[in-house]
Amino acid sequence: MKEIMIPTIEKINIEGFQRDLVSWFQQEQRELPWRKNKDPYRVWVSEIMLQQTRVDTVIPYFNRFMEWFPTLEDFADADEEKILKAWEGLGYYSRVRNLQSAVQEVRASYNGIVPENPEEISKLKGVGPYTAGAILSIAYGKPEPAVDGNVMRVLSRILMIYEDIAKPKTRKTFEAAVRKLIDHDHTSSFNQALMELGALICTPGKPACLLCPVQSHCLAFESGVQSELPVKIQKKKSRDVPIVAAILTNANGEFLIHKRQSAGLLANLWEYPNFENHAPLQPKREFYKDRFQEIYGVTPEITEPLVRIEHVFSHLVWKVDAYIGEIKEMIDENILRENQLKWVSEAEMAEFAFPVSHQKMMKAYKEKIE
DNA sequence: TAACCGTGGCC
DNA sequence: TGGCCAAGGTT
């Protein structure tokens, strides 16, 4: 175990920094639903939702989640369809499956009490270094670092750290810095203050240094280099994936939906039948009909084009060509089951979680048939 | 380590 | 308009 050196930390007036940062937070913090109390379950849910997701996006999801699952036990007992529906549109869907798995583990192994030490809490699915530190410091007052993108940006400027924050090992440098800087009497406020400052003042583009409560402690401001920090290498471009999809109906006015596989992209979500179109120059309708038969065991009549949708993911882009089609013949129950297919009415469909691109397909369909 | 894993807002 | 960004974790 090699000790991490941060030479510039010697230049910081630590007590003054703590005082200015914490008092600013205690006066200026936003009122947010997960700040109403320190219930570890609520803190936990909020931290998972907030991973890579903006506060304004999370707020309505969090409030609805607490209505649906007020306690840890309620969530532990919920069925998978319901928890995915609670997450529909938030993205990174493994978060909610890991959260339920972890909550069930807490109930089974810890008598329903979220563990308050780093070793145990870090074993829970979906709880990494950041989330562990956030729960421990916010809910339990433990002096643990909670290093997210905000904290790395803020402290890279305060301490003039030029390490590339896109590299995983860099997080350890900032954890070491937080361990030196953290106010042991106000762990919750201190950690949240670093993030709040990053969100409101010490922003990526043009930081509002003139409004900053810790400007007098900031080495980057002192040197006028705050806009050069943090150092972050750019990620490479994502690739395009051409997709053909179809909203398929039967004589009863029902829609054919398909459950995605239990691992990987959009795992366990429902979707309209589709496939990767590796032969985009093929003549359309008969070719598509054959592909649907090969993949799903159903033979639709593709009647007309519906809409083109671009679905941007972190690392790839779906270029979706959506069509409308009909299935005239009766499909055997075994075929439906084996291929994870289901006929549902419009009302029933509302119980299932869909990716955003497929929600857009249905929206376009409804507008078209009006 | 680097790739995978969503989505919406912003400039 | 396209790249960047947002309270990351897993493999």
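Worth knowing before you read on, the calculation uses all heavy atoms, side chains too, and leaves out hydrogens, waters and symmetry mates. All figures in this text were calculated on a predicted structure; none of them were measured in a lab. Chain identifiers are assigned alphabetically (A, B, ...) following the order of the sequence lines, protein sequences preceding nucleic acid strands; residue numbering begins at 1 within each chain.
Remark: His315(A) is not in phosphate contact with dA3(B), judged by side-chain N or O atoms under 4.0 Å from OP1 or OP2. For Tyr93(A), a side-chain nitrogen or oxygen approaches OP1 or OP2 of dT7(B) to under 4.0 Å. For dT7(B), one of the phosphate oxygens OP1 or OP2 lies less than 4.0 angstrom from a side-chain nitrogen or oxygen of His311(A). Dashed line: the shortest gap from a side-chain N or O of Thr131(A) to OP1 or OP2 of dG9(C) is under 4.0 Å. A sub-4.0 Å separation between OP1 or OP2 of dA3(B) and a side-chain N or O of Lys236(A) is present. The side chain of Arg153(A) places no N or O atom within less than 4.0 Å of a non-bridging phosphate oxygen (OP1 or OP2) of dC5(C).
Between Leu266(A) atom CG and dT7(B) atom P the separation is 6 Å, expressed in whole Å. The CD atom of Gln51(A) sits 13 Å away from the C1' atom of dG6(B) (whole-angstrom rounding). If you measure from atom NZ of Lys360(A) to atom C1' of dG6(B), you get 11 Å, rounded to the nearest angstrom. Atom C1' of nucleotide dA6(C) and atom CZ of Arg54(A) are separated by 5 Å, given to the nearest angstrom. Per the geometry, CG belonging to Leu99(A) stands 13 Å off C1' belonging to dG9(C), to the nearest Å. Across the protein-nucleic acid pair, Tyr92(A) atom OH and dT11(C) atom C1' stand 15 Å apart, rounded to whole Å. For the pair Arg239(A) CZ and dG2(C) C1', the computed distance is 19 Å after rounding to whole Å. Rounding to whole angstrom units, NE2 of residue His358(A) and C1' of dT7(B) are separated by 15 Å.
Between Arg30(A) and Val127(A), it is Arg30(A) whose nearest contact on DNA chain C lies nearer the 5' terminus. When each of Lys169(A) and Gly264(A) is assigned the nucleotide of DNA chain B with its nearest heavy atom, Lys169(A) is the one assigned upstream, toward the 5' end. When each of Lys167(A) and Leu90(A) is assigned the nucleotide of DNA chain B with its nearest heavy atom, Lys167(A) is the one assigned upstream, toward the 5' end. Positionally, the nearest nucleotide of DNA chain C for Glu47(A) lies more toward the 5' end than for the other of Lys125(A) and Glu47(A).
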Full working for side-chain contact (heavy atoms from CB on, under 4.5 Å) between Arg260(A) and Leu265(A):
CA-CA 9 Å; Arg260(A) 294 177 62 85; Leu265(A) 187 67; 3.8 Å; yes

Could you walk me through whether Ile324(A) and Lys368(A) pass side-chain contact (heavy atoms from CB on, under 4.5 Å), step by step?
CA-CA 10 Å; Ile324(A) 295 175; Lys368(A) 191 179 186 85; 3.6 Å; yes

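Among the heavy atoms of the strands, none lies under 4.0 Å from Gly198(A). Nucleic acid contact for Ile138(A): none, since no nucleic acid atom lies under 4.0 Å from a heavy atom of the residue. Within 4.0 Å of Trp87(A), counting heavy atoms only, lies no atom of the nucleic acid at all. Residue contacts shown for Val151(A) are absent, as no nucleic acid heavy atom lies under 4.0 Å away.
When distances run from any side-chain atom of Pro168(A) to the nucleotides dG6(B), dA2(B), dG9(C), the shortest one goes to dA2(B). Nearest to the side chain of Leu265(A), among dG9(C), dG3(C), dC5(B), sits dC5(B).
The distance between the ring centers of Phe65(A) and Phe75(A) falls below 6.0 angstrom. Residues Phe354(A) and Tyr272(A) bring their aromatic ring centres within 6.0 Å.
Panel note: side chain Gln340(A), backbone Gln261(A); no donor-acceptor pair is recorded below 3.5 Å.
With hydrogens and angles left out, the side chain of Arg95(A) and the base of dC5(B) share no donor-acceptor pair within 3.5 Å. A donor-acceptor contact under 3.5 angstrom links the side-chain atoms of Thr53(A) to the base of dG6(B).
Salt bridge status for Arg64(A) with Glu67(A): absent, with no side-chain N to carboxylate O gap under 4.0 Å.
If you take atom P in dG2(C) and the same atom in dC5(B), they sit 23 Å apart, rounded to whole Å. For the P atoms, the distance from dT11(C) to dG6(B) is 14 Å, rounded to whole Å.
Only one option out of Lys172(A), Arg171(A), Arg179(A) pairs with Glu175(A) in a salt bridge (Lys or Arg N to Asp or Glu O under 4.0 Å); it is Arg171(A).
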